[in-house]
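For reference, the structure discussed in these notes is given below.
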Amino acid sequence: MNNKEILCVVGTRPEAIKMAPVILALKKEPWAEVHVLATAQHRHMLDQVLNLFSIRPDIDLDIMRPNQALTTLAARILLDLDDVLLAEKPDAVLAQGDTTTVMTVALACFYHRIPFGHVEAGLRTWDLQNPFPEEANRVIAGRLAYWHFAPTERSRDNLLREGIADREIVVTGNTVIDALMITAAMDPELGIDLDLDKRLVLVTAHRRENFGEPFNNICRALRTLAECNPDVQFLYPVHPNPNVKDVAYDRLVDCTNIHLCEPLDYAPFVTAMKHAYFIISDSGGVQEEAPALGKPVLVLRKETERPEAVEQGVVKLVGLDEEHIVPEVQRLLDDESAYKEMARGISPYGDGYAAARIVDVLRDHFA
Ligand code: UD1
Ligand code: UDP
């Protein structure tokens with residue numbers, strides 16, 4: 001087989017985490033000439049993941065600007081992709097998930113008539129405003145994709161419901177579990193001085209639809225919980241988006257048992273998840289990783305495109321109101337049987353072989 005150029009695109013932290021296993025697996029294939037394009041929609045948070053997996057981008061668009069508007073972000077990526085696709089003429093392009101990077105890559109590939117493989121295809125809430133703008137991004141990417149690498153049977157069903165042909169969909173598992181297994185095996189240091197005799201609650205939050213009042217509610221709930229539970233420590237690596245960071249530090253910096261810090265690099269974050277008693281988060285990736293580590297997650301959202309772990313009782317939606325969040329967190333701290341019920345180690349999102357299944361599809365296609 002002649003060499004085929006596969007262009008793998010990453011923009012943000014979760015895309016790098018979830019594409020890294022695919023890039024590493026493709027690099028072992030003799031027929032594949034793998035090029036990595038970083039839009040760098042995220043800068044620091046992207047670079048630390050690429051360094052962890054020893055991936056060096058061949059092309060770097062260096063797109064990130066402080067607090068950039070979505071329209072500007074999309075327009076700048078799209079224009080730059082035009083030049084890249086004309087110069088590279090890849091045989092296939094792969095990208096993961098539902099960010100602005102992925103939506104624009106799918107569109108640019110469609111215009112250039114280059115087959116686009118969507119990794120983590122078929123997640124849906126069926127509400128375009130929730131999560132915003134990710135639901136629209138993944139619907140658009142899904143409509144334009146040539147290959148749909150769905151993480152679960154549920155995501156395959158979602159795609160079928162939208163009229164995607166069954167033969168274009170392959171259920172692979174989520175590559176985040178591949179990345180988690182590779183990283184956990186490194187047994188990384190946490191690198192933060194915490195009292196490991198105290199129970200640790202890990203917190204993350206960054207969703208755009210939660211900016212403003214919902215995020216103020218989250219901060220109020222965290223303050224109440226910290227004050228009522230001085231024997232518990234909260235570790236909160238704060239997302240650098242100014243709409244999150246400024247509010248979180250303003251509202252919580254004086255709480256002695258809430259440890260606010262910069263986003264943790266992926267390896268120490270995996271260690272933090274392992275040390276955590278449970279996790280409070282609105283993150284997509286964390287909803288997938290934590291069940292595999294046997295850690296309950298209370299999700300700061302009203303709905304989720306990842307219902308599998310909720311249905312199995314190891315992830316729970318707790319919404320965005322202080323009066324709902326506080327009792328749910330308190331129950332998990334106080335009620336051991338409720339805790340044990342949620343702390344069962346199950347992995348509905350993958351078995352660590354998702355990247356290998358994606359590579360199999362591409363190998364068969366080009367053969
Ligand atoms: C983006 C994705 C979201 C994904 C999240 C993962 C979009 C529209 N949003 O949200 O789907 O869940 O990433 O974290 O694609 N910033 C830094 N340093 C960084 C990264 C971000 O300072 O390393 C700041 C910058 O001011 C930047 C802002 O955060 O402008 C927002 O970044 P952006 O990529 O637009 O959106 P996120 O909220 O990070
Ligand atoms: N993560 C990390 N450091 C942190 C917080 C999260 O490495 O301080 C990892 C986490 O393990 C998961 C990914 O980042 O794999 C999720 O990213 P994020 O929550 O920003 O985005 P989402 O998954 O919601 O798109």
Side-chain angles (χ1 to χ4, degrees), residues 10-21 38-50 52 62-74 76-77 95-105 120 123 131-138 140-141 174-180 182-184 188 190-192 202-211 215 235-246 259-274 276 279 281-290 292-293 295 297 299-301 304-306 349:
V10 293
T12 67
R13 168 175 66 193
E15 291 160 64
I17 292 170
K18 290 173 172 180
M19 282 300 291
T39 64
Q41 179 181 332
H42 284 176
R43 185 72 275 172
H44 176 72
M45 295 208 294
L46 176 75
D47 293 345
Q48 52 91 13
V49 181
L50 296 177
L52 174 69
D62 201 20
I63 285 288
M64 196 190 90
R65 298 288 178 274
N67 213 8
Q68 188 160 215
L70 292 177
T71 35
T72 315
L73 176 64
R76 292 182 58 226
I77 300 176
Q96 176 280 333
D98 51 24
T99 64
T100 300
T101 288
V102 179
M103 184 270 289
T104 50
V105 169
E120 196 184 83
L123 276 64
F132 177 89
E134 290 84 359
E135 180 77 359
N137 286 344
R138 56 196 171 213
I140 295 167
N174 198 309
T175 55
V176 79
I177 304 299
D178 305 27
L180 178 68
I182 298 168
T183 308
L190 177 59
I192 291 183
L202 181 63
V203 181
T204 80
H206 74 279
R207 302 242 75 92
R208 265 166 214 260
E209 67 275 11
N210 295 348
F211 290 174
F215 191 60
L235 173 61
Y236 178 3
V238 181
H239 194 285
N241 192 317
N243 298 289
V244 172
K245 186 174 180 176
D246 296 352
H259 185 101
L260 299 178
C261 63
E262 295 288 312
L264 292 179
D265 287 357
Y266 185 53
F269 188 77
V270 169
T271 303
M273 285 195 285
K274 287 209 269 188
I279 303 172
S281 180
D282 64 9
S283 162
V286 171
Q287 286 177 65
E288 295 155 343
E289 294 163 326
L293 296 171
K295 304 297 174 176
V297 188
V299 177
L300 301 164
R301 290 177 55 185
T304 180
E305 58 289 299
R306 295 167 170 89
Y349 301 107

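Everything quoted here is computed from the prediction, not taken from an experiment. Just so you know, ligand 1 is whichever comes first in the structure, and atom 1 is the first atom listed for that ligand.
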Output, in order, the C-alpha distance, side-chain angles, deciding distance and verdict of side-chain contact (heavy atoms from CB on, under 4.5 Å) for F215 and N243. CA-CA 9 Å; F215 191 60; N243 298 289; over 6 Å; no
So T204 and S283, side chain to side chain donor-acceptor pair (under 3.5 Å) or not? Walk me through it. CA-CA 7 Å; T204 80; S283 162; 4.8 Å; no
Report the C-alpha distance between R207 and E134 in whole Å, list the side-chain angles of each, state the deciding distance to 0.1 Å, and finish with yes or no for salt bridge (charged side-chain N to carboxylate O under 4.0 Å, His left out). CA-CA 10 Å; R207 302 242 75 92; E134 290 84 359; 3.1 Å; yes
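Under 4.0 Å from ligand 2, heavy atoms of Y266 appear from its side chain as well as its backbone. Under 4.0 angstrom from ligand 2, there are no non-hydrogen atoms of E134. Only the side chain of H206 comes within contact range of ligand 2, with a heavy atom under 4.0 Å; no backbone atom does. Neither the backbone nor the side chain of P131 comes within 4.0 Å of ligand 1, counting heavy atoms alone. Contacts between P263 and ligand 1, counted as non-hydrogen atom pairs separated by less than 4.0 Å, are absent for every part of the residue. Contacts with ligand 2 closer than 4.0 Å are made by side-chain heavy atoms of P237 only, the backbone lying farther away.
Summary of contacts: the protein heavy atom closest to atom 18 (N) of ligand 1 is M64 SD, 3.4 Å. Scanning all protein heavy atoms for the shortest distance to atom 22 (P) of ligand 2 gives G284 N, 3.7 Å. Atom 35 (O) of ligand 1 has its closest protein heavy atom at R208 NH2, 2.8 Å. Annotation: atom 11 (O) of ligand 2 to nearest protein heavy atom, E289 OE1, 2.7 Å. The protein atom (non-hydrogen) at minimum distance from atom 23 (O) of ligand 1 is M45 N, 3.1 Å.
Looking at Q287 and T304, their side chains do bring a donor and an acceptor atom within 3.5 Å of each other.
Near R43, meaning under 4.0 Å from any of its heavy atoms, are these atoms of ligand 1: 19 (C), 23 (O). Counting the atoms of ligand 1 from 1 in the order shown, those under 4.0 Å from a heavy atom of L70 are 8 (C). Here is the list of ligand 2 atoms found below 4.0 Å of a heavy atom in I17: 9 (C), 13 (C), 14 (O), 15 (O). Atoms of ligand 1 lying under 4.0 Å from any heavy atom of H206, numbered from 1 in the order shown and given with element: 4 (C), 5 (C), 6 (C), 12 (O). Numbered from 1 in the order shown, with element, the atoms of ligand 1 that lie under 4.0 Å from a heavy atom of N67 read 25 (C), 26 (O), 27 (C), 30 (O). Near P133, meaning under 4.0 Å from one of its heavy atoms, ligand 1 places the atoms 8 (C). The H239 neighbourhood of ligand 1 comprises atoms 14 (O), 37 (P), 38 (O), 39 (O), with distances under 4.0 Å to a heavy atom of that residue. Of all atoms in ligand 1, listed by their number and element, those nearer than 4.0 Å to a heavy atom of Q68 are 30 (O).
The ring-ring contact (aromatic ring centres under 6.0 Å, His included) check on H259 picks up nothing, with sequence neighbours excluded.
Residue K18 places no N or O, backbone or side chain, under 3.5 Å from any N or O of ligand 2. Remark: ligand 2 and M273 share no N or O pair separated by less than 3.5 Å (distance only, no angle test). Here's the thing with T204: none of its N/O atoms is less than 3.5 angstrom from an N/O atom of ligand 2.
Using a 4.0 Å cut-off between charged side-chain N and carboxylate O, K245 and E262 make a salt bridge.
Taking a 4.0 Å cut-off on heavy atoms, M103 fails to register as neighbouring ligand 1.
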